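Please read these numbers as outputs of a predicted model, since none were measured by experiment. A note on names: the letters A, B, ... follow the listed sequences, proteins ahead of strands, and every chain is numbered from 1.
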Amino acid sequence: MEKYGVEVEDKKPKAKEVGLQELPGTHENIVLRFAPNPSGPLHIGHSRAAVPNAEYVKRHNGKLILRVEDTDPKRVFEPAYEMIPEDLEWLGIKPDEIVYQSDRFEIYYDYARQLIEKGAAYMCTCDGATFKELKDNCQACPCRDNSVEENLELWEKFNTMKAGDAVLRVKTDIAHKNPAIRDWVAMRLVDETHPRLGNKFRIYPMMNFSVAVDDHLMGMTHVLRGKDHLANSEKQKYLYDHMGWDLPEFIHYGRLKMEDIALSTSKAMAGIEDGTYSGWDDPRLGTLRAIARRGIDPRTIYNLITEIGVKMADSAISWKKIYGLNRNFLEPVANRYFFCEEPQLISVENYDGGKVDIERPLHADHLDRGNRILPFDGKAYLAKRDISDGIFRLMDAVNVEINGDNVSYHSTSFEDARSVKARIIQWVPVEDNVNVKIVMDDASTKTGLGEGALKDLEVGNVVQFERVGFARLDEIKDDELIFYYAHK
RNA sequence: GCUCCGGUGGUGUAGUCCGGCCAAUCAUUUCGGCCUUUCGAGCCGAAGACUCGGGUUCGAAUCCCGGCCGGAGCACCA
């Protein structure tokens, strides 16, 4: 086409990875981080941050750092130091490195001093309200004009001052159109015992300071964070600028609204303390350990978060969606069993088939897994809710007619059941059964009997109780199996 | 209130940068059918969307302006 002088359009290749948009900036030697505050175990909301970071690292063979942001002793829950890596592991995420910001205070002090020496930060002794008043009117506070020497002197004395009497501020633009950006706080005094540091330090970095210093020092190529950090990214850019550092690619993603579980970590903690919840893995909580306990496959969460991606628009995820995706993982692995809630013993009148062993496959699509055997001799347990007048087929056994308290033999073949449109119901053998308790997602329980073959299961196995739903075996007691309910 | 950011079926996404191949992708959901055996599973099929109004253009989900709706931030928390 050149000879006609026509520009041939040169569109960008559209070979995008499925589910997660391509990372802007470099793809070589990328370094990403997941940086939670250790205030509790990870919940679904955290996976919003952890999964895309991990997935990009995986795709580009980069490096993932788990950085524990424990620079506010009031918001550190000590067991979280252990729980967070466990939760990540469950998600299938293995950080290449783990760092704790509480190990890095000296580094932050060093950079704070450098900033002061550059005239890019100053010690501010105004009280908060006064500063805010001035700031809101685009006015610098008197401290802003202190000399470098005065600032260094105050910085040296900082540790001896009373908490609240002074802070270190980073100079930005006192007339910045967003008041939040104007001369933000980098360091403050905290008189609180830190779980890892004890009372070793009183000068604590603010998140914006420690994060920016660390992101630079650790060589982050991309910084993924929620859009609630939009203003913080803006603040941090001033620090990069003062120090002459290259900016990483900042990527902000929208809020994740999770149906039903608006439970914050602090509310969950309060509920655990007052006994409302059984623990961090209470089925009502949105923690990863809670949904793991219910038999949700980690890939369900990983894939869902990957699909949602890192766009700026908010998204709402529903349990229906999670269950729908999870079912695809559970369906092929979960063997089928009979369970009867509130079992009622019935005796089939006029049954003369004798004692038979009924065999049913563990999984209709995977016959190689073998069969379970359900002995039947005219008596069985039925779920209370299944008992009503009419003709029913005790699955794979016999067809019965129920009339009030009377249960009588009708026929045996499936064809007979079909011809009268008998509903098929599950039953549990009298001779071979086991007590079963199912803890539902609202923490209520269903108790009843399950078929004897359930005794072969191990903790962690997920089964499908026919017509009830999927459930994970959580505990084997002497006389009872305890399952946690996943979903239908 | 101020600053900023979004808006594709019920939900989550693809497509938007570089307008035509989009009477719009895939998943979930809902509904219907099937199934010698789960009328709560499975299989098959169907339904359902470009926030609104202008503008530019031969042509707009895509570009421009405005409205509406939604969200975030405005800490000595992260």
Side-chain angles (χ1 to χ4, degrees), chain A residues 9-12 14 16 18-21 35-39 69-76 101 124 126-128 131-132 135-136 163-169 176-182 184-190 203-208 210-211 225-235 252 254-257 259 303-309 311-328 330-332 334 336-338 360-361 363-365 393-397 413-415 417-418 421-426 464-470 487-488:
Chain A
E9 261 191 275
D10 185 25
K11 286 202 173 187
K12 272 189 195 168
K14 289 192 174 176
K16 284 197 168 183
V18 194
L20 200 57
Q21 60 184 255
N37 169 249
S39 56
E69 307 213 323
D70 51 352
T71 53
D72 178 6
K74 288 190 282 294
R75 293 185 32 151
V76 174
Q101 289 195 311
C124 175
C126 302
D127 72 64
F131 181 85
K132 185 178 178 354
K135 179 199 73 174
D136 287 347
D165 279 0
V167 294
L168 179 73
R169 291 188 184 278
H176 194 286
K177 61 182 173 180
N178 184 349
I181 309 295
R182 301 171 193 161
W184 49 273
V185 176
M187 293 278 186
R188 86 290 202 185
L189 292 167
V190 177
I203 303 171
Y204 276 72
M206 294 294 289
M207 164 273 196
N208 274 310
S210 51
V211 161
R225 50 168 64 131
K227 68 177 184 183
D228 47 321
H229 287 295
L230 236 19
N232 290 321
S233 295
E234 197 62 29
K235 290 182 187 181
H252 299 94
R255 250 184 51 161
L256 189 64
K257 279 175 291 194
E259 180 186 78
N303 294 353
L304 176 60
I305 298 296
T306 305
E307 175 183 323
I308 289 171
K311 59 176 206 170
M312 193 94 83
D314 296 346
S315 37
I317 56 177
S318 66
W319 285 109
K320 269 188 180 176
K321 174 85 174 180
I322 290 176
Y323 295 160
L325 295 174
N326 198 55
R327 190 146 45 222
N328 296 328
L330 258 33
E331 202 280 328
R336 273 56 168 170
Y337 296 94
F338 289 174
R360 266 193 66 75
H363 192 122
D365 298 331
R393 176 166 180 78
L394 307 194
M395 194 172 187
D396 276 341
S413 73
F414 175 73
E415 287 71 22
R418 264 210 133 181
K421 292 192 157 62
R423 182 178 171 176
I424 296 167
I425 59 176
Q426 281 68 32
Q464 186 193 68
F465 290 120
E466 296 196 22
R467 269 172 63 237
V468 175
F470 294 97
H487 48 78
K488 286 197 291 199

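- A gap of 33 Å separates the P atoms of B:G7 and B:G45, to the nearest Å.
- Look at CG on A:Leu20: it is 17 Å from P on B:G12, rounded to the nearest Å.
- The separation of B:C39 from B:G32, taken at their P atoms, amounts to 16 Å, rounded to a whole angstrom.
- No contact: A:Lys421 has no heavy atom under 4.0 Å from any strand.
- Among the heavy atoms of the strands lying under 4.0 Å from A:Lys488 is at least one base atom, whether or not backbone atoms are also near.
- One can place CE of A:Met312 at 15 Å from P of B:U8, the figure rounded to the nearest angstrom.
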### Query
Pairs counted as Watson-Crick or G-U wobble with both distances under 3.5 Å: what dot-bracket string results for RNA chain B, using | for bases tied to another strand?
(((((((..(((.......[.....)))((((((.......))))))...(((((..]....))))))))))))....

#### Entry: Letter per nucleotide, 5' to 3', of nucleotides 27-39 of chain B [B base touched, S only sugar-phosphate touched, - untouched; heavy atoms, 4.0 Å]
BSSS-----BBBB

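- One interatomic measurement links the two molecules: CD of A:Gln21 to C1' of B:C17, which rounds to 12 Å at whole-angstrom precision.
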Table of protein N/O atoms under 3.5 Å from nucleotides 45-49 of chain B N/O atoms:
none

### Task
Sugar-phosphate means primed atoms, P, OP1 and OP2; the rest is base. With that split, encode nucleotides 70-78 of chain B 5' to 3' as B, S or - using protein heavy atoms under 4.0 Å.
-SSSSSBBB

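- When each of A:Arg225, A:Lys235, A:His252 is tested with A:Leu230 by the rule side-chain contact (heavy atoms from CB on, under 4.5 Å), just one qualifies, namely A:His252.
- The C1' atoms of B:A27 and B:U13 are separated by 8 Å, rounded to the nearest whole Å.
- The minimum heavy-atom distance between A:Ala163 and A:Leu189, with the atom names listed, is CA-CB, 3.7 Å.
- Under the side chain to side chain donor-acceptor pair (under 3.5 Å) criterion, A:Arg360 pairs with A:Asp396, A:Glu466, not counting sequence neighbours.
- Every ring-ring contact (aromatic ring centres under 6.0 Å, His included) that A:Tyr323 has, sequence neighbours left out, goes to A:Trp319, A:His487.
- Look at the C1' atom in both B:C43 and B:G6: the space between them is 40 Å, to the nearest Å.
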